[in-house]
Amino acid sequence: RQVTHRVTSVAGHVFATDFPPSMQNWESVDPIELFDSPVIKKAQKSSMVHHLEKCAGGCEFLVLWLDCDREGENICYEVLGVVLESA
């Protein structure tokens, strides 16, 4: 069976997370409220999301090779989320 490989990379996180604007005033928001607050996820660069979606097209397997630490694991899940949503 013939196989085609695609190799690409990301530079840091694909997404940034933040609290809604109403929860960002640290002088008026009780920190306990943040545990129940929604989290907003925004693409760091929409071009990276588009690139990953394009690369994922037609793929049967995904191999992720990122730093072996918590941050690398988080980036893996960001990439995986984009790829699975585009499938």
Side-chain angles (χ1 to χ4, degrees):
R1 172 175 170 193
Q2 187 174 359
V3 177
T4 300
H5 293 86
R6 289 187 191 135
V7 178
T8 191
S9 65
V10 296
H13 286 276
V14 180
F15 295 99
T17 55
D18 207 345
F19 293 109
S22 63
M23 302 299 281
Q24 292 183 7
N25 185 340
W26 299 111
E27 293 178 11
S28 65
V29 174
D30 182 355
I32 296 295
E33 293 179 52
L34 298 175
F35 287 100
D36 295 321
S37 175
V39 176
I40 299 169
K41 182 171 92 170
K42 294 185 281 189
Q44 295 276 49
K45 293 181 180 178
S46 60
S47 60
M48 179 54 67
V49 172
H50 177 70
H51 171 74
L52 290 171
E53 290 170 341
K54 183 178 172 186
C55 286
C59 287
E60 295 181 34
F61 298 95
L62 175 65
V63 177
L64 298 171
W65 188 329
L66 287 104
D67 291 346
C68 188
D69 57 17
R70 291 178 190 157
E71 190 170 11
E73 183 178 3
N74 185 267
I75 295 170
C76 280
Y77 279 106
E78 292 175 356
V79 170
L80 186 60
V82 171
V83 169
L84 290 176
E85 286 179 18
S86 68

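Please read all numbers here as calculations on a predicted model, not as lab measurements. FYI, the numbering just counts along the sequence from 1. Just so it is clear, the values below take in all heavy atoms, side chains as well, and ignore hydrogens, waters and symmetry mates.
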Task: Residues clustering with V3 (ILVMFWY side chains joined when closer than 4.5 Å, directly or via others) - done: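 Answer for V3: none, a lone residue.
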Open item on the list: Is there a path of hydrophobic side-chain contacts, each under 4.5 Å between heavy atoms, that joins V7 and V83?
Closed with: no
- [ ] State plainly whether one hydrophobic cluster holds both I32 and V29, where clusters connect Ile, Leu, Val, Met, Phe, Trp and Tyr through side-chain heavy atoms under 4.5 angstrom apart.
- [x]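 In one cluster with I32: V29, no.
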Using 0.5 Å steps for rounding, measure from the [atom1] atom of [X] to the [atom2] atom of [Y].
X   : Y   : atom1 : atom2 : value
L34 : Q24 : CG    : CD    : 10.0 Å
E85 : L52 : CD    : CG    : 11.5 Å
Q44 : F15 : CD    : CZ    : 9.5 Å
R6  : C55 : CZ    : SG    : 6.5 Å

Would you mind writing out the side-chain donor-acceptor pairs for residues 65-77 within the sub-3.5 Å range, not counting sequence neighbours?
from : atom 1 : to  : atom 2 : distance (Å)
D69  : OD1    : E71 : N      : 3.3
D69  : OD1    : G72 : N      : 2.7
E71  : OE2    : H13 : NE2    : 3.0
N74  : OD1    : H13 : ND1    : 3.4

Could you pull out the closest heavy-atom pair between [X] and [Y], with the gap in Å?
X   : Y   : value
P21 : I40 : CD-CD1, 4.3 Å
V49 : V82 : O-CG1, 3.8 Å
S86 : E53 : CB-CG, 3.8 Å
F19 : S37 : CD2-OG, 3.6 Å

Task: side chain to side chain donor-acceptor pair (under 3.5 Å) against T8, all qualifying residues, sequence neighbours excluded - done: H51
